[in-house]
Amino acid sequence: MADEDELETPLIAELYKPPALLPIAQLKDALLYAIETYPLTVIIGDTGSGKTTQIPQFLFQAGWTSDGSVIAVTQQPRRVAATTVAARVAEEVGCQLGQEVGYSIRFEDVTSAKTRIKFLTDGLLLREMLIDPLLTRYSVVMVDEAHERSLSSDILLGLLKKIMRKRPELRVVISSATLQAENFLDFFAPGPAEQVNGKSKEEYGRIVSIQGRVYPVDIFYLAEPVPDYVERAVETVMDIHTNEPEGDILLFLTGREEIEDAIDKIADRITDLGPDHQNLQPLPLYAGLPADQQMYVFQAAGENTRKVIVSTNIAEASITIDGIVYVIDSGFVKLRAYDPTTGIERLVTVPVSKASATQRGGRAGRTQPGKCYRLYTKDSFTTLEESTPPEIQRSNLAPVILQLMNLGIQNIVCFDFFSSPPSKLVIRAMDMLFSLGAISSEARLTKPLGAQMAELPLEPMLAKALLNSPKFGCLYEMLHIAAMTTLQGNAFVSQDGNIKLLDKAKRKFAVEEGDHITLLNVYEAFVTTGKKDAQWCRSNSLNYKAMVKAVSVRNQLKRHLEKLGIQESALNAPDVRRAGGQSSYSPSERIRRCLVTGFFAHAARMKPDGTFQTANGETTLWAHPTSILFHRKADWVVYHEIMETKNKIFIRDITKIEMDWLTEYAPEYYRVR
DNA sequence: GAGCACTGC
């Protein structure tokens with residue numbers, strides 16, 4: 001993902017409009033009346049309608065914070081959005097950021113006792129519920145862009161519904177860009193014959209529409225389906241370029257490979273154009289692109305040049321680019337899917353939903369009337385799903401369920417989800433939590449283990465391993481490792497595409513045992529010989545920003561453990577590290593045994609052909625090319641992450657273990673299966 | 001010899 005600081009400028013530029021001219025200003029009184037009168041207000045309004053910046057200010061001026069309470073705005077699940085919008089609102093209110101207006105995101109709390117409007121990520125608001133379950137410090141909670149249906153915002157909606165029953169004075173404002181507003185109202189409001197806190201459905205909530213400032217977009221469909229949408233997309237780019245007036249093009253494809261393919265093809269055709277045409281500048285955009293290259297899409301094209309941005313779904317909602325007049329929609333997107341039978345995550349290419357296609361088309365009409373070319377027939381559009389299945393219905397729910405249980409939700413099956421997850425997903429997650437010892441056979445959170453695992457901002461398997469590390473005398477090392485694995489394979493990065501240098505750097509830190517201890521070495525080197533220096537990272541092909549994040553994560557994990565009464569300093573003394581009955585093991589063995597206590601379910605064995613097999617022998621796995629164990633010999637291993645793409649299942653962050661350890665630390669799991 | 005859409009605590 002792009003660096004936040006660098007993204008700030010284009011986002012602010014996009015948001016800037018004199019407040020009085022925003023359509024929302026005309027609705028101020030109606031909005032305040034609705035929020036005063038009804039516990040729930042659903043706002044329908046497009047991006048650019050000013051709802052995120054203006055509504056909190058209206059509430060602030062109207063006295064919703066005069067008793068010292070705070071207005072919370074969960075600005076999507078995005079960190080960048082929370083910071084930039086907070087800065088904008090602070091400017092309009094005329095205060096310093098962090099005074100009356102502030103934001104709070106992981107690692108960064110820019111609020112004070114004076115803060116009355118607080119922008120935060122929904123994940124962080126969920127964490128705040130651990131300390132203040134009824135969110136009593138807030139008079140209003142605004143959930144922005146709730147239609148995006150992220151895992152954490154869906155959970156937040158379910159919890160807010162419960163809180164509203166207990167706090168009739170709380171006001172919830174939900175903003176949604178699509179016409180899902182009725183669904184939100186139906187979910188929160190009492191049923192037809194019911195009352196909640198003395199209010200009937202009609203008295204419980206209202207929907208308010210805000211006219212966004214958008215221009216018409218002409219939609220074009222194909223007459224016949226095409227076999228190769230990348231090829232057709234390239235043809236469409238060239239057609240637009242040679243026949244249509246000025247304006248940049250945004251092309252939606254599914255992933256990096258397609259994007260690079262399309263850009264090569266466009267580059268080939270540019271040479272055929274001849275000198276009398278305007279220039280055409282193709283630019284890639286996807287999350288994995290280094291930040292400096294991502295920035296080109298925001299810069300104005302050179303004179304007499306048309307930009308064509310070839311992007312993943314990141315440009316559908318996360319990133320907004322000015323000046324787009326033409327959108328080409330391939331009609332496909334890569335989505336995460338989780339298979340509850342195997343526990344394997346997959347990235348699958350699927351047709352977009354109608355809501356998604358509409359959102360993509362809308363990207364063409366932000367600054368002037370635009371055109372959208374859909375690379376599918378009108379008939380196939382009508383067969384599309386209305387909206388993308390919410391994340392909660394296609395994710396590994398173990399972390400979410402652990403968190404809910406820690407918030408006192410005893411019976412997950414009875415929890416009022418905005419959309420219920422399939423029972424298979426719930427069962428798989430409960431099985432996993434049970435095998436880790438986080439819940440009992442009666443499906444109750446265990447104390448202290450389960451509760452402690454829930455407190456840590458880590459996936460359950462990693463949390464378990466970290467909490468076990470004092471027993472193995474490797475807390476110091478496991479903190480390094482836990483922090484590094486949260487980087488999800490982004491520790492190393494080639495400098496100027498120099499792969500040889502990258503391999504050389506990797507070899508410098510690599511150890512026989514695999515990736516975890518290699519990552520440990522990387523962290524240790526970064527903070528000692530590397531002195532946390534950016535230049536040192538460059539010369540070692542390391543991602544400086546990622547390493548800085550690892551240091552923050554490690555500090556945060558250490559603080560969490562201290563809150564749980566686990567002191568690194570006390571445990572780190574050499575005599576303590578030797579104690580505990582584990583002293584006969586080498587440091588490497590203690591770490592690897594400790595990893596097994598969390599990751600036993602992620603065990604695999606290498607076959608003679610170099611591929612891996614799952615413990616049950618049913619599935620073939622491949623070491624991810626970024627792994628130290630890629631094309632090295634091994635026997636049994638545990639791995640951190642598993643993901644299927646294009647018919648191959650990759651495992652990443654892999655460490656060698658002994659088979660006996662599996663039965664030693666997970667006898668229940670590996671007994672007669 | 002070969003690669004992962006997007007967030008977040």
Side-chain angles (χ1 to χ4, degrees), chain A residues 1-2 4 74-82 104-109 120-130 145 148-156 252-260 285-289 311-319 330 332-337 345-350 352 356 388 391 394-395 399-400 402-403 406 453-460 462-463 482-483 486-490 492 494 499 502-503 549 552-553 556-557 559-560 609-611 622-627 629-632 641-652:
Chain A
M1 185 56 218
E4 289 135 33
T74 71
Q75 176 59 36
Q76 309 148 354
R78 285 188 266 282
R79 292 164 54 87
V80 184
S104 190
I105 57 179
R106 190 181 185 183
F107 310 129
E108 247 181 284
D109 184 10
L120 73 174
T121 53
D122 39 28
L124 205 58
L125 190 61
L126 286 177
R127 289 273 161 192
E128 283 192 4
M129 282 188 204
L130 285 173
E145 314 282 352
E148 286 191 20
R149 306 296 308 275
S150 74
L151 199 49
S152 48
S153 82
D154 263 23
I155 296 297
L156 186 61
F252 285 102
L253 295 175
T254 68
R256 192 182 77 181
E257 205 177 325
E258 278 179 13
I259 288 169
E260 284 171 357
L285 179 64
Y286 50 87
L289 198 68
S311 173
T312 63
N313 218 31
I314 195 171
E316 187 182 304
S318 306
I319 288 180
S330 65
F332 287 93
V333 65
K334 260 187 209 171
L335 279 189
R336 179 171 50 197
E345 277 200 332
R346 302 191 304 154
L347 272 179
V348 285
T349 301
V350 292
V352 293
S356 221
T388 311
E391 245 183 352
R394 49 189 173 88
S395 304
V400 164
L402 187 62
Q403 201 177 5
N406 197 36
M453 281 169 65
E455 296 281 334
L456 295 174
L458 294 174
E459 316 136 73
L462 190 55
T486 62
L487 302 182
Q488 298 176 105
N490 290 320
F492 287 98
S494 71
I499 302 294
L502 176 73
D503 282 345
K549 186 189 166 199
S552 300
V553 173
Q556 195 189 36
L557 291 174
R559 282 198 305 273
H560 272 109
D609 66 359
T611 63
W622 303 74
H624 194 274
T626 55
S627 172
L629 293 183
F630 182 72
H631 280 230
R632 289 197 200 193
E641 198 182 48
I642 180 162
M643 183 166 273
E644 178 178 347
T645 56
K646 284 199 202 145
N647 307 321
K648 259 192 184 181
I649 306 171
F650 290 98
I651 53 177
R652 186 156 77 179

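Throughout, protein chains are lettered first and strands after them, A, B, ... in sequence-line order, and every chain is numbered starting at 1.
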| query | Within the side chain of A:R79, is there an N or O that forms a donor-acceptor pair under 3.5 Å with the backbone of A:T121? | reply | no

| query | Rounded to the nearest Å, what distance is computed from the CZ atom of residue A:F650 to the C1' atom of nucleotide B:dG1? | reply | 11 Å

| query | Are any non-hydrogen side-chain atoms of A:H624 and A:E641 less than 4.5 angstrom apart? | reply | no

| Under 4.0 angstrom, heavy atoms only, what part of the nucleic acid is A:L347 near: base, sugar-phosphate, or nothing? | base

| query | Reckon A:T645 has a side-chain N or O less than 4.0 Å from the OP1 or OP2 of B:dC4? | reply | yes

| field | Under-3.5 Å donor-acceptor pair between A:R256 side chain and B:dC4 base | value | no

| request: Let me know the distance between CE of A:M643 and C1' of B:dC4, rounded to the nearest Å. | output: 6 Å

| message | If we ignore hydrogens and angles and just use 3.5 Å, is the side chain of A:R346 paired with the main-chain N or O of A:I649 as donor and acceptor? | response | no

| request: Give the rounded distance in Å between these two atoms: NZ of A:K648 and P of B:dG1. | output: 12 Å

| field | A:F492 side chain reached by A:T626 side chain, heavy atoms, under 4.5 Å | value | no

| task | Could you tell me whether the side chain of A:E459 has a donor or acceptor atom within less than 3.5 Å of a complementary atom in the base of B:dC9? | result | no

| field | Short side-chain N/O contact to B:dA5 OP1/OP2 from A:T349, under 4.0 Å | value | no

| query | Between B:dT7 atom P and A:N490 atom CG, what is the distance in whole Å? | reply | 11 Å

